[in-house]
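Residue numbers start at 1 and run along the sequence shown.
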Amino acid sequence: MKIRHLLSLLAAMVLSVTANAAVTYDGECGNCNYYFTEEGTVLNIVAKDGPDGTMASYGNGTSPFYNNDNIKVVNFDGVTSIGDYAFHECSQIESVTFSEGTQLKSIGVLAFWCCDALKSISIPTSVTAIGNYAFCGCTSLASVNIPDGIETIGKNTFLNCAITSITIPASVTSIGESAFSGCELQSVVFTEGSKLVRSANEHLVCATTFHRSLFQKD
C-alpha cells in the first residue's frame with residue numbers, strides 16, 4: 001500500500017514538472033518573447049509577465065522576422081500591440097491567430113506588408129487602430145473582419161489586397177487616404193450610425209471601377 005502511494009506521488013511530481021516546464025525562447029521582441037515550433041513554420045509570440053505586451057517596432061528590414069519565408073502560422077498570446085514592420089515581407093504566412101480574451105489594441109505600420117499567402121484575418125474586437133500600410137500588398141487577402149470598436153484605419157492599409165466587400169462599423173471615425181485602393185470593391189456597407197458615408201468617396205478610393213452606388217447602410 002505504501003509503495004503504491006509512493007508511486008502515485010512520484011507520478012504526480014513528474015506530471016507537475018512536465019506541465020510547468022519552461023519554454024525555451026528563441027528571442028525577444030519588445031515586451032514579448034518568441035519561439036518557433038514545427039520546424040520553424042509556426043511562430044509563437046508570448047507577452048512577458050505584466051500587463052504590457054507591446055511588441056517592438058522596427059524599421060525597414062530590421063525585424064527579426066523580416067523576409068522569413070519559413071513562417072506559415074503566427075500565434076499571439078497576450079500581445080497588446082503588433083509592432084511596425086513586424087512581419088514585413090513574410091510572404092508565406094497563411095494564418096494569424098490570437099489567444100482567447102486577447103487585449104490587442106493596435107496593429108502597427110506595415111506590420112503585414114506583402115504577406116502574399118495570407119487569405120483571411122479576423123481582427124480582435126479589442127483593436128482600436130490599424131496602422132498605415134498594415135496589410136498593404138497582401139494580394140491574397142480576400143476576407144477581413146473589421147469589428148465594432150475599431151476607430152482608425154490608416155492610409156493605404158489594405159492597398160492592393162483581394163478584398164471585394166467590406167463592412168465599416170459605426171465606431172470608425174477615420175479612414176486614411178486610399179485605404180482600400182486597388183481592391184476593386186463590389187460592396188461597401190456602413191453600419192447604422194456611421195458618420196463616414198458622406199466623405200467615403202475620398203477615403204475609399206478603390207480602383208477605376210469604384211462607384212458611389214456601392215455604398216450601403218446596414
Side-chain angles (χ1 to χ4, degrees), residues 11-127 130-131 133-145 147 157-163:
M13 289 174 64
V14 169
L15 288 173
S16 177
V17 170
T18 302
N20 293 289
V23 171
T24 300
Y25 294 110
D26 293 310
E28 59 181 35
C29 46
N31 289 323
C32 302
N33 293 312
Y34 67 86
Y35 65 98
F36 292 95
T37 55
E38 302 298 324
E39 297 182 342
T41 62
V42 177
L43 171 62
N44 305 280
I45 301 180
V46 183
K48 296 178 182 179
D49 292 338
D52 183 8
T54 303
M55 283 185 67
S57 283
Y58 302 94
N60 188 7
T62 63
S63 166
F65 317 117
Y66 169 68
N67 200 29
N68 186 329
D69 289 340
N70 291 323
I71 303 172
K72 293 185 176 182
V73 177
V74 181
N75 298 319
F76 293 101
D77 186 355
V79 177
T80 57
S81 177
I82 299 175
D84 298 348
Y85 286 89
F87 306 101
H88 188 214
E89 296 187 19
C90 292
S91 63
Q92 298 305 308
I93 291 177
E94 300 173 351
S95 174
V96 177
T97 67
F98 303 92
S99 58
E100 185 176 353
T102 180
Q103 292 301 307
L104 184 72
K105 298 298 183 185
S106 63
I107 300 174
V109 173
L110 292 120
F112 292 93
W113 167 284
C114 289
C115 291
D116 297 330
L118 185 63
K119 295 181 179 180
S120 66
I121 187 167
S122 183
I123 297 171
T125 57
S126 55
V127 173
I130 307 175
Y133 299 90
F135 295 94
C136 176
C138 294
T139 54
S140 298
L141 185 60
S143 176
V144 177
N145 174 49
T157 298
F158 297 101
L159 177 70
N160 292 333
C161 291
I163 302 167

Under a 4.5 Å cut-off applied to non-hydrogen side-chain atoms, are Ile82 and Phe76 in contact? yes
Smallest heavy-atom separation, Cys32 atom then Gly53 atom, equals SG-O, 3.3 Å
Give, for atom OH of Tyr35 and atom OG1 of Thr24, the distance between the pair rounded to the nearest 0.5 Å. 10.5 Å
Note: Tyr58 and Cys29 closest approach over all heavy atoms is OH-CB, 3.1 Å
Spacing of Asn31 atom CG and Asp49 atom CG [to the nearest 0.5 Å]: 11.0 Å
Nearest 0.5 Å, please: how far is CG in Asn75 from CZ in Phe98? 10.0 Å
Assess whether a salt bridge exists between Lys48 and Glu28, defined as any Lys/Arg side-chain N lying under 4.0 Å from an Asp/Glu carboxylate O. yes
Could you tabulate the donor-acceptor pairs under 3.5 Å formed by side-chain atoms of residues 108-123, not counting sequence neighbours?
unit_1 : atom_1 : unit_2 : atom_2 : d
Trp113 : NE1    : His88  : NE2    : 3.4

Considering all heavy atoms of both residues, which atom of Ala86 and which atom of Ser63 are nearest to each other, and what is their separation? O-OG, 2.7 Å
Val144 side chain near Phe135 side chain, heavy-atom distance below 4.5 Å: no
Between Ile130 and Val127, the two heavy atoms sitting closest are CG1-CG1, 4.4 Å
What heavy-atom pair brings Pro124 and Pro147 nearest, and what distance separates the two atoms? O-CG, 3.3 Å
Report yes if some heavy atom in the side chain of Ser126 is under 4.5 Å from a heavy atom in the side chain of Thr102; otherwise report no. yes
Just checking, any donor-acceptor pair under 3.5 angstrom between side chains of Ser91 and Asp69? yes
Near-ring test Phe65/Tyr34, centroid separation under 6.0 angstrom: yes
Are the side chain of Ser57 and the backbone N or O of Gly83 linked by a donor-acceptor pair below 3.5 Å? no
Exercise: identify the closest heavy-atom pair between Val74 and Ile45: CG1-CD1, 4.4 Å
How many angstroms lie between CG in Asp84 and CD1 in Ile107, if you round to the nearest 0.5 Å? 12.0 Å
Can Leu141 and Phe158 be said to form a side-chain contact (heavy atoms from CB on, under 4.5 Å), step by step? CA-CA 9 Å; Leu141 185 60; Phe158 297 101; 4.2 Å; yes
At what distance, to the nearest 0.5 angstrom, does NZ of Lys105 lie from OG of Ser81? 11.0 Å
Hey, what do you get for CZ (Phe36) to CG (Asn44), rounding to the nearest 0.5 Å? 9.0 Å
